[in-house]
Each structure stands twice: as C-alpha cells, then as structure tokens.
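First the proteins, then the strands, lettered A, B, ... as listed; each starts at 1.
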Amino acid sequence: MPELPEVETIARSLARRVTGDRIESVWIGDKPEPLKSSAGEIASLLEGAQIAGVRRAGKHLVIDLASPASPRGAGRGSARAEAKKGQWIVHLGMTGSVLVSDPAEHVEKHTHLIARLASGRELRFVDPRRFGRLAVVREAFSAPGNEPLEIGLESFAALFRKRKTPIKSALLNQKLLSGVGNIYADEALARAGIRPRRRAASLRRAELKKLHASLKSVLKQAIRAGGSSISDYVDADGQRGFFQFQHRVYGREGQLCRVCKTSVKRIVIAGRSAHYCPRCQK
DNA sequence: ATACCGACCTGTCAGC
DNA sequence: TGCTGACAGGTCGGTA
C-alpha cells in the first residue's frame, strides 16, 4: 500500500521511537522470505548495531546502522566516534508494515522479521502478500528516481518531454520519480485537471507547471494527514492516516466529483486502475 | 529503447 | 453457507 506519504509517516514515527536504541538479536521467519539480501547477511549486520536514524528514500525506509561506541567497556569513559556500519533497507510492497511492539503483544500472522531491542521492545516486519523486500547495504543508499518533493519545474518537465506513455504511467515510473504510487498519481492529476490517459509528451507548459505544483502539494498535505489508510495501513505506532477523506477521485468510482458533481470514472491503464473526473480533467 | 502484460502472494468483498 | 471472480497501496522480467 504505502506510497511516499505513508513511508514518510512511518519513517518519522520510527525515527522518533527507536533512534539510539540497539538491536540485540534478530529472528527471521522461514516461509519463502521476502529478502533481497540473505537472512544471514541481514542478521549479521543488524545484530549488535545501533539505530542511528530512520529516513525515507522514494518508497524505501532507510534505517541507518552504526556500531555502538563502546561495546563492553562501559564506564571507561572513552567518547569515541561511532563507526558507520551500513543501512537496513525496507520496501513495504503493497501490504508491508513495521511496528514497534511490546514483546508480550500477540505476534501477527505474516510476521517475517523481529528485531529485539535493548530497550526491551521489538521491531516487527509484517507483510501478508510478501511483495515487500528487505536488504542490507554497506554503501550509501539512494532511490532510483527523483524525489518528487525536491525536483524543480525544469527537471520535472524534462522527464516527460519525449514520452509517449500515458502521463499516469509516467508518474508511476520509479526511475523518473520515486515515491509516487497509484493513489497520489491519480490525486495529482485530478488536482491539475489532466486526464490520466493523456500522452506525457502532449502536456503543455502550463499543464506541466500545474502538475508539478499539484503533485508536491498533494504529497505534503497527505504527509500532514499521516498518509491514506485504505484498509490496513498503519504507521509504526499503529496509527491510521486520514488523507483518504480528502481523496478527490481515488477509490471514488461512481461517486460525485467534489467540484462539479459529475460521476467519477474508473478506467484501467497498463493494468492499474485510474480514477478521474471526466468534466474537470481534460 | 520503450511499453504492455502476467506473475508474484494473500485477503476481502460482491454476487450468485 | 460456500464457491468464484475481481480487485488491492508495487515491482519485475519477458515479450512485442
């Protein structure tokens, strides 16, 4: 489920709760594992590592890991700098979540990894559909495409200049923009008044400018609302988001456009549903 | 090079 | 009640 605003929300709640904590041990489930790195690689990097911070890159959660300053000689008072160890990369796929839990809490079905923390709590990775991915990397991680919240108008416009693909598909292409998914692609197009099937290269300057602004503002509003909870999305504290109440078109097929009262349409583009108002969007 | 399509998984819901 | 099919926030690899 999670797109940029949801991953950002999770990253913030995780950062607030577990930064500075230390991972004591890791349990990884057996099923066909949703892992990019092997279970051994993941466990060996995580175990004993201190969580230096949590952030978002595209739709990925990046958990920065460091070696604790002074492994055993606590009290010797040596203030050494922490050595960077690497990063734990989590992609949540459609249904993934990361929860900070008390060990006594019921372990949900489809829990694939549990990291026990020095504070006595647990970090749990749960993912029913197993579309998510876990990896560890040593080198600095960066998502493939441009960050939608940072890209300027000129670079944004250049992404679409020669593409014949529908604008909706281009927005979903993570090599162009990283973090935009089905909900916010539809919502940005709705706010910009552009039909999802329009060829990307056919957008005029003024439309690109509108789309650039709409995308940024819808993502920022959604972050402020804690993301969209369609069915099961929750952040690391178990909180639901509430941006779904501000959707103009996504998931509103047959309902009335909030602007002009025309019935919202749903079509399929490259196998994904796309929602739009036939009157407001040209 | 680009773009579409099915595959990957499990769960839920509508319809019969 | 239970079966079937459609659908779900995402990506990948193969094919045209």
**Asked** With sequence neighbours excluded, what pairs up with Arg248(A) under the salt bridge (Lys or Arg N to Asp or Glu O under 4.0 Å) test?
**Response** none
**Complete:** Lys162(A) atom NZ is separated from dA1(B) atom P, nearest whole Å, by 12 Å
**Message:** Would you say Thr95(A) places a side-chain N or O within less than 4.0 Å of OP1 or OP2 belonging to dC9(B)?
**Reply:** no
**Item:** N or O in side chain of Tyr233(A) less than 4.0 angstrom from dA8(C) OP1/OP2
**Value:** no
**Request:** Check whether more than 12 heavy atoms from other residues, nucleotides or ligands sit under 6.0 Å from atom CZ of Arg138(A), and answer yes or no.
**Result:** no
**Request:** Give the rounded distance in Å between these two atoms: CD1 of Ile183(A) and C1' of dA8(C).
**Result:** 10 Å
**Message:** Exactly one of Glu3(A), Glu147(A), Glu6(A) should register a salt bridge (Lys or Arg N to Asp or Glu O under 4.0 Å) with Arg56(A). Which one does?
**Reply:** Glu147(A)
**Pairwise C1' distance, dG9(C) and dA3(B) [rounded to whole Å]** = 22 Å
**Distance, P atom - from dA6(C) to dG6(B), rounded to whole angstrom** = 12 Å
**Closest to side chain of Arg130(A), choosing from dC4(B), dG9(C), dT10(B)** = dT10(B)
Within the sub-3.5 Å range, which N or O atoms of nucleotides 11-13 of chain C have a protein N or O partner, and how far apart are they?
{"from": "dT11(C)", "atom 1": "OP1", "to": "His91(A)", "atom 2": "NE2", "distance (Å)": "2.6"}
{"from": "dT11(C)", "atom 1": "OP2", "to": "Lys59(A)", "atom 2": "NZ", "distance (Å)": "2.6"}

**Asked** Taking atom types as modelled, is there a side-chain donor on His110(A) or Asp127(A) under 3.5 Å from an acceptor on the other?
**Response** no
**Prompt:** Reckon Phe243(A) touches a base, only the sugar-phosphate, or nothing at all at heavy-atom distances under 4.0 Å?
**Reply:** nothing
**Prompt:** Ile230(A) has an atom CD1; how far is it from atom P of dT12(B), in whole Å?
**Reply:** 16 Å
**Asked** Once you round it to whole Å, what is the distance between C1' of dA1(B) and CG of Leu176(A)?
**Response** 13 Å
**Message:** With rounding to the nearest 0.5 angstrom, report the CD to CD1 distance, Gln281(A) to Ile194(A).
**Reply:** 8.5 Å
**Asked** Do Leu134(A) and Ile28(A) sit in the same hydrophobic cluster, where Ile, Leu, Val, Met, Phe, Trp and Tyr count as joined when their side-chain heavy atoms come under 4.5 Å apart?
**Response** yes
**Asked** Nearest-Å distance, OH (Tyr250(A)) to C1' (dA8(C))?
**Response** 7 Å
**Request:** Starting at atom CG of Asp127(A), determine the distance to atom P of dG10(C), rounded to an integer number of angstrom.
**Result:** 13 Å
**Prompt:** If you measure from CD on Gln87(A) to CZ on Arg55(A), what distance do you get to the nearest 0.5 Å?
**Reply:** 5.5 Å
**Asked** If you check every side-chain atom of Asn182(A), which of dG9(C), dA3(B), dC9(B) has the closest atom?
**Response** dG9(C)
**Message:** Looking at Arg129(A), I'd like to know whether one of its side-chain N or O atoms comes within less than 4.0 Å of OP1 or OP2 on dC8(B).
**Reply:** no
**Item:** dC12(C) and dG11(B), which share atom name C1', separated by this distance in whole Å
**Value:** 22 Å
**Complete:** Given Watson-Crick and G-U pairs under 3.5 Å, DNA chain B in dot-bracket ([ ] crossing, | other strand) is .|||||||.|||||||
**Prompt:** In whole angstroms, how far is the P atom of dA8(C) from the CG atom of Asp186(A)?
**Reply:** 10 Å
**Message:** Take a 6.0 Å sphere around NZ of Lys175(A) and say whether it holds more than 12 heavy atoms from other residues, nucleotides or ligands.
**Reply:** no
**Prompt:** To which residues is Val62(A) joined in a hydrophobic cluster, defined by side-chain heavy-atom contacts under 4.5 Å among Ile, Leu, Val, Met, Phe, Trp and Tyr, whether direct or through other members?
**Reply:** Ile89(A), Val137(A), Phe141(A)
**Item:** Within one Ile-Leu-Val-Met-Phe-Trp-Tyr cluster: Leu172(A) and Ile151(A), side-chain cutoff 4.5 Å
**Value:** no
**Item:** Under-4.0 Å side-chain N/O to phosphate OP1/OP2 contact, His110(A) with dC9(B)
**Value:** no
**Fill in**
Students should find that the hydrophobic cluster of Val249(A), defined by side-chain heavy atoms under 4.5 Å apart, otherwise consists of Val264(A)
**Asked** In residues 217-226 of chain A, which residues come under 4.0 Å of DNA chain C by heavy atom?
**Response** none
**Asked** Rounded to whole angstroms, how far apart are CD on Glu253(A) and C1' on dA6(C)?
**Response** 12 Å
**Prompt:** Reckon Lys109(A) touches a base, only the sugar-phosphate, or nothing at all at heavy-atom distances under 4.0 Å?
**Reply:** sugar-phosphate
**Message:** Check this for me, if you would: do Glu207(A) and Lys209(A) make a salt bridge, where the nitrogen-to-carboxylate-oxygen distance has to be below 4.0 angstrom?
**Reply:** no
**Message:** Under the salt bridge (Lys or Arg N to Asp or Glu O under 4.0 Å) test against Arg121(A), which residue among Asp102(A), Asp237(A), Asp21(A) passes?
**Reply:** Asp21(A)
**Item:** Contact under 4.0 Å: Arg266(A) side-chain N or O vs dA8(C) OP1/OP2
**Value:** yes
